[in-house]
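Structure first, then comments.
Starting from 1, each residue takes its place in the sequence as its number.
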Amino acid sequence: MSWAGVSSAGRVRRRWASAGCAAALVVVGLPGAAAGQAAEESTSWTVEHVAGGTEAGFSGDGHAAVDARIGGGGNLAVGAGGAVYLPDDDGDRVRVIGTDGVIDTVPGTRAADSATGTPRAVAVGDGALFVAGDDAVVRRSGGNESVLATVGDVVPSAEDLAVDDDGNVYVAGSDTVARIPAGGGEPEVIAGGGRVPPQRLDGADATRASLPAHLQMAVRGDGTVYLRPGESELYRVDPDGALHTLRGPHRESGFAGDGGPVDEAQFGGRLAGPAIGPDGRLYVLDARNSVVRVIGRDGVVTSLTPPAITPDEAGARLAVSAEGAVYVRSGPSVERLVEVDRGAAGQGRAHYPSHYSAEEPGTVYPVAGADEGATVGEELRQARQAGSPDPDVEQRVRVATGPRGVTYYADSAAHRVWRVERDGGVEVVAGTGEAGFAGDDGPAGEAQLDEPTGVAVGPDGAVYIADSANDRVRRVGGDGVITTVAGDGSRVEDDADGRALDDERATEVPVSPTDVDVAGDGVVYVAEGPHDRISRVGTDGTIDIVAGSGERDGAEADGFAATEALVRGPHALTVSREGRVFFLEGGDRLVRPAVRMVDASGVLYTVAGTASPGQRFGADAGFAGDGGPARDALLNGPRDLAVRADGTLYVADTDNARVRAIDAGGTIRTVAGTGERADGEDGARARSAPLDAPQSLDVAADGSLRLAAGSAGAVRAVSGGELDTVAELDVDGGVGVQRPATEVVFHPRMVDGLAVDQDGSLLLVDGSGPLMTVNRHGMFDFESDVDGLGSGPVSAVDVGPDGAWYVAVQNVVYRVMSGADGDGDVVAVPVAGGGLERDEDVGVDTWTPRAARRCRTDRRDRVGGGGERAVRGDGEQRVSGGCGWGDPAVVP
């Protein structure tokens, strides 16, 4: 297999050589193979992960930005020294990513400390940082803040911000763009506020235009303003105020026009994040095509290829550094596109001697494949049935300790509960791995669970499960039989009379558990996040309410009966020996997190944090308060609680990457973690060792603290102040099939394709499952850790001159490179396919997401030799494997 050249029209064609199919692969030692000639020098773009991830939130200050959580909206700006600034709406502050990759809060920019209010947009220029918030636009320099304008006096709302070379500040919001003169002065509207559709005003005054809401803006140094007022529109406002249309509404979507004028180019139908580069060119994210388009001063369009991102289309933003690096903020993640000179393809590669040292040319060696046994596709199916996580369920692991050092853990995504013995042996306690409700009064291993989010061990050794999506609490007795002890499968909002719980049969009323714990007397306590209450199931099977169902809100409920309180989103709880019930309140982002306690007499108190509803928790999220009263401390996304026999309460301060302890006197301190999201080494001092976002806690019988971190790969212990590992967890439900490749049985269709990687290993596909590898030592495995590779069977694979893999999955071709996310992980990005297809049932052309290059087909026909023929709307036929189906290729 090899790539043919790229034609002058930029059309990529692929030459596919296919010999006969065989059940096993062989390598033939050929005599005198000559080295290929060096390829021409080339440049390419690579993508690097800069900050954030898939989960929005606030965390990570003072540590690596790639491990931090950031808010999901807002623009970004790059300073002259390379620092990246971004408004963080979850943290209600501006954050900065230094050139060392560390993220922190810009001092003085918290909403509580600044005149801006919640920051919405930032800009860098004139030697200063400019911030536009809900309340004001300010200039910050040398730690000082000066108010330039009140937002309501300038624009209805602040959505974007920019500065030109003269220091004039531009604010875009709602349907208006205004300019604040350098050094202060009366703001002036320069675009919007009129009644004429902008596409009808070419060359006319921009203030006559009626602009849509949600403006995005970029400003060139000379004051030229570029606006993206709608999903697919793009306009220019000259310094003299004249409006010009670059791309109007209702244009045909697609991908075409590189090398030509912008008004003749085709874009993917959704543009985002305009930005100005150091050379004055305009950069626009063509989100539907997953590519950055560049519009020169002469209006000519080019693209940064290969496409390297799959952005959040709704709110993605761009910024360009002085060095030309392109930053993309897409939801709660920031990536950087950097141009690299790869040099001559093939030069500088490591040379790997053959693993097969034939004495005679032509000797045949078996490499992979066997005649009998389960095929690799069948092995995958069996592994998934055995408990592979559900990709649509957020993984939440809860740990509990039982007698004799046994550890239990519930995995919500895998819909199972496991037991880990002291010798490391793992066995299923409950669940088949398939989500559902079934199996009561039978063996727990044959029952179905649905997103279990809590597990606890009773005094008799029975295991209690918060079967959250089934709206039930279930019990696995010592005989292995599972039963329901609370919940009828419905929720209060689905219940006609919305009745309260008053000593009714627990199995006959709605119960929606998010966590569960069992007291020493066998009474079961349930945190019901969806029902905003804590309930209690007695040993006689009746249920009542412990906290919630009242009207006293927040801190005003302290000191009163807990049943008079309005409890919001309790999501974790633990019960002390004395009968105190501790729980975490604040499960959503409009309620700041707090640790609350119901004492043995039923009175509610706040233990840590501030129980303040209606306020974004990010405003005061962070790490502070160690050594002082827990009530004054800052928490950040806590996920779990555990209490020791002496009354010490442990808090999994998850987004602070720490475990904190509150003693009986109410003083808080850190007992494990440094704030860095990483796995500390065994034997290290727990307070000096990093933790990867602890999410679950329990206290063992010997008093040691047990915890599971964000990676959920192991149960760690803190004992004597030191960190240790006590159990390895298989939360991935992985296949774990690495073994000699000659023992593998492939799909009956045989091996459809193979490629030789630059390190001498083989890449294999058999059309029935994921990409497979055989390393240079002959060991077989699945390449299952490629981030972003589409689901479905792999149909083809090849290796490019720069070492990138090109993998065809269903109707999309991906480029796979290691290190593209900045962490050394293997990441896949789409480069072709997934295009416009005809739905014969409804006769409508539809776009398939994530396409990078598209072509229009009215129908598809099979042709001889395994190829494909696309019959275009104009009747022209092209035989190719491209257009998003079959053998990878690009057809314009």
Side-chain angles (χ1 to χ4, degrees), residues 50-52 65 68 70-89 91 93-99 101-109 114 116 118-133 136-142 145 148 158-173 177 179-180 182 215-221 223 225-228 272-285 292 315-338:
V50 175
I70 61 176
N75 70 342
L76 72 169
V78 186
V84 179
Y85 297 86
L86 62 153
D88 192 326
D89 54 0
R93 67 195 72 193
V94 177
R95 304 175 78 182
V96 58
I97 305 167
T99 55
V102 173
I103 191 170
D104 217 331
T105 295
V106 177
T109 62
S114 171
T116 62
T118 297
R120 301 298 181 185
V122 295
V124 176
D126 192 29
L129 170 68
F130 296 83
V131 184
V137 180
V138 305
R139 182 182 190 273
R140 299 189 56 84
S141 179
E145 177 178 284
L148 302 180
E159 296 173 352
D160 210 348
L161 194 65
V163 184
D164 66 19
D165 287 348
D166 294 329
N168 299 306
V169 180
Y170 299 76
V171 188
V177 180
R179 178 174 56 218
I180 304 172
L215 293 174
Q216 292 183 356
M217 172 183 65
V219 179
R220 192 181 286 163
V225 179
Y226 293 89
L227 296 175
R228 193 235 63 179
I276 302 296
D279 53 3
R281 295 191 298 171
L282 176 68
Y283 291 71
V284 180
L285 180 61
V292 174
R317 303 303 306 272
L318 299 183
V320 185
S321 73
E323 295 73 31
V326 180
Y327 290 81
V328 183
R329 182 175 186 178
S330 177
S333 179
V334 178
E335 315 289 333
R336 176 172 53 223
L337 277 63
V338 181

* Asked: Between R329 and Y327, do the side chains contain an N or O donor and an N or O acceptor separated by less than 3.5 Å?
  -> no
* Structure fact -> In this structure, CD1 of I97 is separated from CD1 of I70 (nearest 0.5 Å) by 6.5 Å
* Structure fact -> When every non-hydrogen atom of V320 is compared with those of A275, the smallest separation belongs to CG2-CB, 4.1 Å
* Specify the closest pair of heavy atoms between A319 and A77, including all atoms of both residues, with the distance to one decimal. => CB-CA, 4.3 Å
* Expected output: side-chain R220 to main-chain G280 donor-acceptor under 3.5 Å -> yes
* Distance, nearest 0.5 Å, that separates CZ of R228 from CG of L282 -> 12.5 Å
* Say whether, by atom type as modelled, one donor and one acceptor occur between the side chain of R93 and the main chain of G91 under 3.5 angstrom. => yes
* Which pair of heavy atoms, one from A272 and one from A316, lies closest together, and at what distance? -> CB-O, 3.4 Å
* Minimum heavy-atom distance between A325 and V338, given as atom pair plus value -> CB-CG2, 4.3 Å
* To do: Would you check if the side chain of D88 reaches a backbone N or O of R95 as a donor-acceptor pair within less than 3.5 Å?
  => no
* Report yes if some heavy atom in the side chain of V131 is under 4.5 Å from a heavy atom in the side chain of P87; otherwise report no. => no
* Asked: Looking only at heavy atoms, which two atoms of A83 and V96 are closest? And how far apart?
  -> CB-CG2, 3.9 Å
* Structure fact -> CZ (R140) and OG (S114) are apart, to the nearest 0.5 Å, by 6.0 Å
* May I ask you to test the F130-L148 pair for a side-chain heavy-atom distance under 4.5 Å? => yes
* Do N75 and Q216 have side-chain heavy atoms sitting under 4.5 Å apart? -> no
* Value rounded to 0.5 Å, distance of OG1 in T116 from CD in E145 -> 6.0 Å
* Asked: Do V326 and L318 have side chains that get closer than 4.5 Å, going by heavy atoms?
  -> yes
* **Heavy-atom donor-acceptor pair, E159 side chain to L215 backbone, under 3.5 Å** => yes
* To do: Ignoring hydrogens and angles, tell me if any N or O in the side chain of R120 forms a donor-acceptor pair with the backbone of A132 under 3.5 Å.
  => no
* Are the side chain of D166 and the backbone of N168 linked by a donor-acceptor contact shorter than 3.5 Å? -> no
* Given side chains that start at C-beta, do those of I276 and V219 come closer than 4.5 Å, heavy atoms only? -> no
* Just by modelled atom types, is the A128 backbone N or O under 3.5 Å from a matching donor or acceptor in the D126 side chain? -> no
* **Least distance between heavy atoms, A158 atom then V171 atom** => CB-CG1, 4.3 Å
